[in-house]
Amino acid sequence: MDTKIFKTSEQEIGEAGKIIRKGGLAAFPTETVYGLGASAFSSDAAKKIYEAKGRPSDNPLIVHVCDKNQICDIAEEIPDGARAVIDKFMPGPITIILKKKQIIPDTVTGGLETVAIRFPKNETAVRLIKAAGVPIAAPSANLSGKPSPTKAKHVIKDMMGRIDAIIDGGNCEVGVESTIVDFSGEKPVILRPGGVTYNDLKEHGIDVEIDKNILQSVSANEAPKCPGMKYKHYAPEAEVTVVEGEESAVREKIKELLDGVHGKTAGVLTMCSADYDNAVILSAGSTNKEYAKNLFSALREFDELGVEIVFAEFCEKDGYALAVKNRLYKAAAQRVIHV
Ligand code: AMP
Ligand code: MG
């Protein structure tokens with residue numbers, strides 16, 4: 001299939017919106033990561049998303065809306081906590097899970113009776129949803145299992161020839177996917193940490209729990225609350241090991257680990273531009289917020305540079321720590337050394 005590459009002119013966004021309205025697939029930027037969009041009202045279009053990504057069909061999609069009223073069209077009821085999230089944090093990098101209305105096909109929700117809803121802040125995303133005239137179901141626009149795309153070139157690498165169009169709208173600001181809060185059970189639970197942090201929610205009087213699987217893998221006999229939790233995620237070709245703790249101890253440990261690497265190309269993802277010998281060094285930025293923005297892009301860059309073993313420094317600095325650790329631990333298949 002021929003994949004059209006669009007920029008963000010009125011005419012191009014209009015054309016991409018038409019592709020989605022007619023049942024096709026278009027990738028688009030959001031403030032978190034690039035999404036792979038299809039009409040949220042079309043079961044056939046949703047199926048195409050799973051095919052293009054190689055995504056298991058029980059891993060549901062997030063439905064993107066462009067105004068708060070649209071939420072009532074697709075969700076059965078809105079509890080007080082969810083209403084507070086909508087009022088305080090939307091548009092923004094947060095997704096709420098609510099009981100779904102019939103209009104959302106089961107294919108979009110992976111067979112669940114609930115629907116994940118997000119109102120993005122990114123201007124291009126909002127213009128596209130408006131142009132499509134329907135809510136847009138979209139997971140991240142990467143091949144299943146790979147790091148999420150934060151630049152148009154990542155989407156082009158994974159999706160060229162597999163989808164109808166890609167809108168190049170520059171780099172994503174937040175860099176990790178939205179915070180997901182499930183409001184469909186008795187107590188609201190954060191299923192995935194992201195740009196809106198636990199403390200942000202608490203400061204606005206929104207009481208939530210944090211799912212225990214956020215920093216560990218789901219065991220084979222356990223049913224994950226968020227279907228995506230049980231699948232391989234964010235995995236680059238390189239083998240990643242996280243070294244976590246106080247800065248100087250982390251640096252010492254990585255030096256020792258690098259000494260033990262023989263015959264393979266090693267890389268370090270650093271928070272403090274440390275001077276390691278015999279390693280390809282990429283910067284994650286000095287804060288966890290910067291780390292979130294740079295992480296997926298760096299993982300992809302290590303692969304491009306032929307790096308086979310990556311040591312990722314991690315020091316806790318700010319509210320983004322949980323969101324970064326969640327992705328980093330998964331990218332490292334839980335290989336984490338605490339020093
Ligand atoms: P991605 O688009 O790659 O960020 O994936 C969307 C995430 O939202 C996946 O981890 C899904 O499992 C999760 N998700 C979507 N809909 C639901 C839902 N109804 N209940 C629980 N998790 C959901
Ligand atoms: Mg994803």
Side-chain angles (χ1 to χ4, degrees), residues 25 27-38 40 46 49-50 52-65 71 74-77 82 93-102 104-118 120 122 125 135-150 154-155 158-159 163 172 174-185 188-196 208-209 211 213-214 217-218 222-236 292 295-296 299-300 323 326-327 330-331:
L25 300 186
F28 61 101
T30 79
E31 69 274 27
T32 58
V33 302
Y34 270 76
L36 175 52
I49 290 184
Y50 292 100
K53 279 184 63 102
R55 181 177 174 109
S57 62
D58 65 347
N59 188 1
L61 314 174
I62 292 174
V63 176
H64 295 70
V65 298
I71 298 172
I74 56 180
E76 204 52 75
E77 55 194 83
I94 189 160
T95 296
I96 50 175
I97 292 176
L98 301 172
K99 297 214 168 62
K100 82 174 184 77
K101 278 196 171 149
Q102 284 306 322
I104 299 293
D106 288 344
T107 328
V108 167
T109 65
L112 298 173
E113 285 307 310
T114 52
V115 58
I117 304 172
R118 178 157 122 74
N122 178 284
I136 296 183
S140 50
N142 51 285
L143 288 174
S144 189
K146 292 284 155 210
S148 301
T150 56
H154 303 153
V155 185
D158 281 17
M159 291 298 155
I163 61 176
C172 301
V174 178
V176 291
E177 305 87 342
S178 58
T179 305
I180 300 182
V181 189
D182 184 359
F183 284 99
S184 70
V189 185
I190 296 185
L191 298 182
R192 178 173 76 185
V196 175
V208 296
E209 285 173 3
D211 191 275
N213 286 317
I214 277 178
S217 51
V218 178
E222 200 181 348
K225 293 216 190 68
C226 189
M229 281 176 176
K230 68 177 186 247
Y231 294 111
K232 189 174 148 192
H233 251 103
Y234 318 126
L295 173 62
F296 290 140
L299 292 177
R300 283 176 178 264
N326 169 257
R327 276 59 173 200
K330 286 184 186 183

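For ligands, and for the atoms within them, numbers begin at 1 and follow the listed sequence. Quick note: residue numbers are just sequence positions, from 1.
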Visitor: Are any of the heavy atoms in I180 under 4.0 Å away from ligand 1?
Guide: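 Contact check I180 vs ligand 1: positive.
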
Visitor: Would you kindly say whether R192 and S178 are connected by a side-chain donor-acceptor distance under 3.5 Å?
Guide: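 Looking only at side-chain atoms, S178 and R192 do form a donor-acceptor pair, the distance falling under 3.5 Å.
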
Visitor: Working note: L98 + I117, criterion side chain to side chain contact (heavy atoms under 4.5 Å, CB included); need CA distance, chi angles, decisive distance, verdict.
Guide: CA-CA 8 Å; L98 301 172; I117 304 172; 4.1 Å; yes

Visitor: So is K100 close enough to ligand 1, meaning a heavy atom under 4.0 angstrom away?
Guide: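 In this structure, K100 fails to qualify as a contact of ligand 1 - no heavy atom is under 4.0 Å.
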
Visitor: Could you see which bit of T114 sits under 4.0 Å from ligand 1, with heavy atoms only: side chain, backbone, both or neither?
Guide: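 For T114, the contact with ligand 1 is made by both the backbone and the side chain.
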
Visitor: Where on T95 is there a heavy atom closer than 4.0 Å to ligand 1, on the side chain, on the backbone, on both, or on neither?
Guide: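 For T95, no heavy atom sits under 4.0 Å from ligand 1.
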
Visitor: So is L61 in contact with ligand 1, going by heavy-atom distances below 4.0 Å?
Guide: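 Judged by the 4.0 Å heavy-atom criterion, L61 does count as contacting ligand 1.
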
Visitor: Start with the C-alpha distance between Y234 and F296, add both sets of side-chain angles, then the distance that settles ring-ring contact (aromatic ring centres under 6.0 Å, His included), and finish with yes or no.
Guide: CA-CA 8 Å; Y234 318 126; F296 290 140; 5.0 Å; yes

Visitor: Flag N142 as yes if one of its N/O/S atoms falls below 2.8 Å of the Mg ion (ligand 2), otherwise no.
Guide: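 Checking N142: none of its N, O or S atoms is under 2.8 Å.
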
Visitor: Taking 4.0 Å as the limit for heavy-atom contacts, which would you say applies to R55 with ligand 1: side chain only, backbone only, both, or neither?
Guide: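 The answer is the side chain.
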
Visitor: Any side-chain heavy-atom pair from V181 and E209 closer than 4.5 angstrom?
Guide: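 Not touching, per the 4.5 Å side-chain cut-off.
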
Visitor: Measure the NE2-CG distance between H64 and N122 for me, rounded to the nearest 0.5 Å.
Guide: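 If I round to the nearest 0.5 Å, the distance is 10.0 Å.
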
Visitor: Say whether E177, considering both its backbone and side-chain N or O atoms, lies within less than 3.5 Å of an N or O atom on ligand 1.
Guide: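 No - when backbone and side-chain N and O of E177 are compared with those of ligand 1, no distance drops under 3.5 Å.
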
Visitor: Is it the case that the side chains of S148 and R327 hold a donor-acceptor pair, with the cut-off being a distance below 3.5 Å and no angle test?
Guide: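 Short answer, no.
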
Visitor: Would you tell me which option among S140, G35, A116, P60 has the nearest heavy-atom contact to atom 3 (O) of ligand 1?
Guide: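 Checking each option, the heavy atom nearest atom 3 (O) of ligand 1 is found in S140.
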
Visitor: To the nearest 0.5 Å, what is the distance between NE2 (H233) and CD (E177)?
Guide: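 So the gap between those two atoms works out to 6.5 Å.
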
Visitor: Show the atoms of ligand 1 that are less than 4.0 angstrom away from any heavy atom in L112.
Guide: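 Numbered from 1, ligand 1 contributes 18 (C), 19 (N), 20 (N).
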
